[in-house]
Amino acid sequence: MIQPRTPPGTLELLPRDQLAFQRMQQTIREGFERFGFLPVETPVFEYSDVLLTKSGGETEKQVYFLQSTGALKEGKAPELALRFDLTVPLARYVAQYENQLAFPFRRYQIQRVYRGERNQRGRYREFYQCDIDVVGKDTLPLAYDAEMPAVIAEVFRALDFGPFTIRINNRKLLNGLLRGAGADTPEKRAAALREIDKLEKAGEQKVRDGLTGPEIAMAPEAIDKLLGFMRVGKGDPAVVLAELAKLDVNDELFKQGVAELNTVIEQVGALGVPSGTVAIDLSIARGLDYYTGTIYETVLNDFPGIGSVCSGGRYDDLAGLYTKSKLPGVGLSIGLTRLFFQLQEAGKIKPVENPCAAYVTIVDPELGAECRAMATELRQAGLNVELAAEAGKLGKQLKYAEKVGIRFAVIYASQEKARGAVQLKDLRQNSQRDVPRTELAAAIKSTT
RNA sequence: GCGAUCAUAGCUCAACUGGCAGAGCACAGGACUGUGACUCCUGGGGUUACCGGUUCAAGCCCGGUUGGUCGCCCCA
């Protein structure tokens, strides 16, 4: 026999947990639509060259390639690959349908993506991303950078997993600062950003070591200044912005970043995002290279261990490899699979009750037709109803109904027929009573 | 790609220094002649991941293989 098992890094659920998962997904979908975003789906696999353009070395190592066995035998390079995020397919999509889309193009996309990761807790190789993005033509107002946190705030409010914090930062600000601190090439700055991103997890000393290392080689005084800066640049937006205004940094990029951050924070407030849910955090950097301005990370305050459950940012020219048009965008992605898994582990996800309201049993074979008719009546009354396939032991049928979590059992056999009623049994409350057949649906509805 | 750790029934785990491979849960049947969830009884289930070695004797000791898990890198 073959061991029944799933490859590691995949999430599979029992039906009632699956319902809970889908309910979360639905809440997210409704939140996105509340802001006027429209759905899009793209294929799970794409041409390899389309997918790999912008990825860079690290991501490419994690890409699953797809190849027919025929091509494999001929030793050909794989033509297809599984998508590893939804942003790159979006770029392709926008470039491909550019002349049919209205700009700014607002879409949401909730689909699975694939990454060849090493096994690790809460890390998946197949997982859901829930993306929203706005893509502009030539330009995209900063107002959209402010809309993103507003959408996310609404979604996480509706998901109801307690308080959360949307952390905001700006790459320009960081890059300007790093440039002033001696990271004079884009490569050095990218490496420095990755170091800074570790600040919370690894601590100051580790980051200091990384920044002094051969790759970046930043001067100790510059690092002191930078880390000091990170310390004040965290928390209440008004306070951080006031601190930033006081700083005397003579760098255009830095100043532009600060100005953008000011605008975004101001507009986020105007969009009704509760104060306290948004914070500035200059230490978040996001590993992905394509972000150029605003960047976001969201954490659940009660579950700091989960890490960022939603992140994204602004990218000036993502579709540059697919079209000559300049298409700047800003977007965010919720990592639903990990979020669900971690919350479930923390006991915050309860299996959803079986939406099937009643199980119609069949005890006497000669009354089977009437039982079947009764199930149909209940369904026509708008109830979800499961029906026994054939007459059998009542105990077995009740046990089954109990196990799948159906609350009511309907029993109609010779005794009930003699009494001229139907027995309605509440398996949860351990009670039963006779109900006229015509009032059965109403009786079930009134208790649910 | 690197490191650590583990592998016994469908699941969770026992088995002393190497000495007959077990329990709970789950499943099936019964106690209960139309009544689940509680209680009691009975039952099926195993090449102890795989291959080799040491030994009178290996689940246990040694070597290898495969796989899982947890970290690093990176990320949702």
Side-chain angles (χ1 to χ4, degrees), chain A residues 1 3-9 11 14 28 55-63 83-87 110-131 152 190-191 193-195 197-198 201-202 206 210 284-289 291 296-300 306-313 331-343 359 361-365 367 371 388 391-419 423-432:
Chain A
M1 275 210 300
Q3 260 298 317
R5 70 219 137 94
T6 51
L11 180 72
L14 294 172
I28 293 168
S55 61
E58 271 309 315
T59 359
E60 188 159 349
K61 274 194 259 172
Q62 301 190 334
V63 171
R83 60 174 172 218
F84 52 87
D85 71 7
L86 300 177
T87 310
I110 301 175
Q111 286 192 276
R112 290 200 253 227
V113 302
Y114 299 83
R115 289 184 198 176
E117 299 257 9
R118 266 281 169 275
N119 307 341
Q120 214 178 131
R121 176 158 213 75
R123 296 294 282 288
Y124 288 91
R125 292 151 86 194
E126 175 186 71
F127 60 96
Y128 272 92
Q129 284 198 325
C130 312
D131 275 38
I152 290 310
L193 285 177
R194 278 196 294 275
E195 290 300 325
D197 202 40
K198 290 180 200 162
K201 245 165 81 178
K206 267 274 178 71
I284 65 164
R286 307 271 73 228
L288 285 159
D289 294 340
Y291 295 126
Y296 317 93
E297 269 189 16
T298 305
V299 290
L300 298 179
I306 299 181
S308 175
V309 295
C310 169
S311 52
L332 268 170
S333 177
I334 301 173
L336 180 57
T337 303
R338 179 160 76 184
L339 177 64
F340 180 87
F341 170 79
Q342 302 268 29
L343 288 171
Y359 185 88
T361 62
I362 302 178
V363 179
D364 292 341
L367 291 176
C371 290
K393 285 188 71 174
L394 183 58
K396 262 188 116 166
Q397 296 182 48
L398 292 176
K399 197 170 179 176
Y400 169 81
E402 198 270 330
K403 184 157 186 182
V404 293
I406 299 173
R407 179 168 177 182
F408 289 102
V410 173
I411 304 164
Y412 186 73
S414 53
Q415 291 175 24
E416 283 72 24
K417 187 181 172 143
R419 292 203 299 273
Q423 189 173 111
L424 180 63
K425 185 177 175 72
D426 186 333
L427 292 167
R428 198 177 311 153
Q429 302 228 315
N430 190 22
S431 63
Q432 49 197 342

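Within every chain, numbering begins at 1; the chains are lettered A, B, ... in the order of the sequence lines, protein sequences first and strands thereafter. Because the structure is a prediction, the values reported are computed rather than measured.
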Base-pairing assignment for [N] (Watson-Crick or G-U wobble, both under 3.5 Å):
N	value
B/C27	B/G43
B/U69	B/A4
B/A37	none
B/A57	none
B/G22	B/C13

Any [X] side-chain heavy atom under 4.5 Å of [Y] side chain:
X	Y	answer
A/L424	A/V410	yes
A/Y128	A/I110	yes
A/Y359	A/Q397	yes
A/I334	A/I152	yes
A/D197	A/E297	yes
A/L427	A/F408	no

inquiry  = Can a donor-acceptor pair be found, under 3.5 Å and without considering hydrogens, that links the side chain of A/D426 to the backbone of A/Q429?
reply    = yes
inquiry  = Determine whether a donor-acceptor pair (N or O, by modelled atom type, separation under 3.5 Å) exists between the side chain of A/R83 and the backbone of A/V113.
reply    =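 A pair under 3.5 Å: no.
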Proximity to the side chain of [X] - top-ranked nucleotide from [options]:
X	options	value
A/R121	B/U35, B/U69, B/C70	B/C70
A/F127	B/G68, B/C2, B/A76	B/A76
A/Q62	B/G68, B/C74, B/G36	B/C74
A/L394	B/U69, B/G1, B/U35	B/U35
A/L398	B/C73, B/U35, B/A76	B/U35

[atom1] atom, [N] versus [M]: distance in rounded Å?
N	M	atom1	result
B/A58	B/C41	C1'	37 Å
B/U47	B/G43	C1'	23 Å
B/G67	B/U8	C1'	16 Å
B/C13	B/C73	P	29 Å
B/G63	B/C20	P	25 Å
B/C16	B/A21	P	13 Å
B/A31	B/G24	P	22 Å
B/G44	B/G10	P	15 Å

Using a heavy-atom cut-off of 4.0 Å across all strands, would you classify [X] as base, sugar-phosphate, or nothing?
X	result
A/Y400	nothing
A/L336	nothing
A/Q120	base
A/E297	nothing
A/Q397	nothing

query = Does a distance-only test, which skips hydrogens and angles, find a donor-acceptor pair under 3.5 Å between the side chain of A/Q432 and the base of B/U35?
reply = yes
task = Determine whether any donor atom in the side chain of A/R123 lies under 3.5 Å from an acceptor atom in the base of B/C74, or the reverse, and answer yes or no.
result = yes
Gap between atoms [atom1] and [atom2], on [X] and [N] respectively (whole Å):
X	N	atom1	atom2	value
A/E117	B/C70	CD	C1'	14 Å
A/D197	B/C74	CG	P	9 Å
A/E402	B/C38	CD	C1'	11 Å
A/Y412	B/U35	OH	P	19 Å
A/F341	B/C75	CZ	C1'	16 Å
A/Q423	B/G36	CD	C1'	13 Å
A/I406	B/G36	CD1	P	17 Å
A/R118	B/C74	CZ	C1'	13 Å

Under 4.0 Å between a side-chain N or O of [X] and OP1 or OP2 of [N]?
X	N	value
A/S311	B/A76	yes
A/N119	B/U69	yes
A/K396	B/A28	no
A/R5	B/G68	no

request  = Report, as yes or no, whether the 6.0 Å neighbourhood of atom CZ on A/R5 holds more than 12 heavy atoms from other residues, nucleotides or ligands.
outcome  = no
key: Shortest non-hydrogen contact from A/I284 toward A/Y296   = CD1-C, 4.1 Å
Pull out every protein N or O sitting under 3.5 Å from an N or O of nucleotides 25-27 of chain B, one pair per line with the distance.
unit_1 : atom_1 : unit_2 : atom_2 : d
B/C27  : OP1    : A/K403 : NZ     : 2.8

inquiry  = Looking at A/E402 and A/K399, is there a salt bridge between them, counting it only when a charged N and a carboxylate O are closer than 4.0 Å?
reply    =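 Judged by the 4.0 Å cut-off on N to carboxylate O distance, A/K399 and A/E402 do not form a salt bridge.
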key: 5′-ward residue of the pair A/K393/A/R428 relative to RNA chain B   = A/K393
inquiry  = By nearest heavy atom, map A/P7 and A/S308 onto RNA chain B; which one lands nearer the 5' end?
reply    =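 By nearest-heavy-atom nucleotide position, the 5'-most residue is A/P7.
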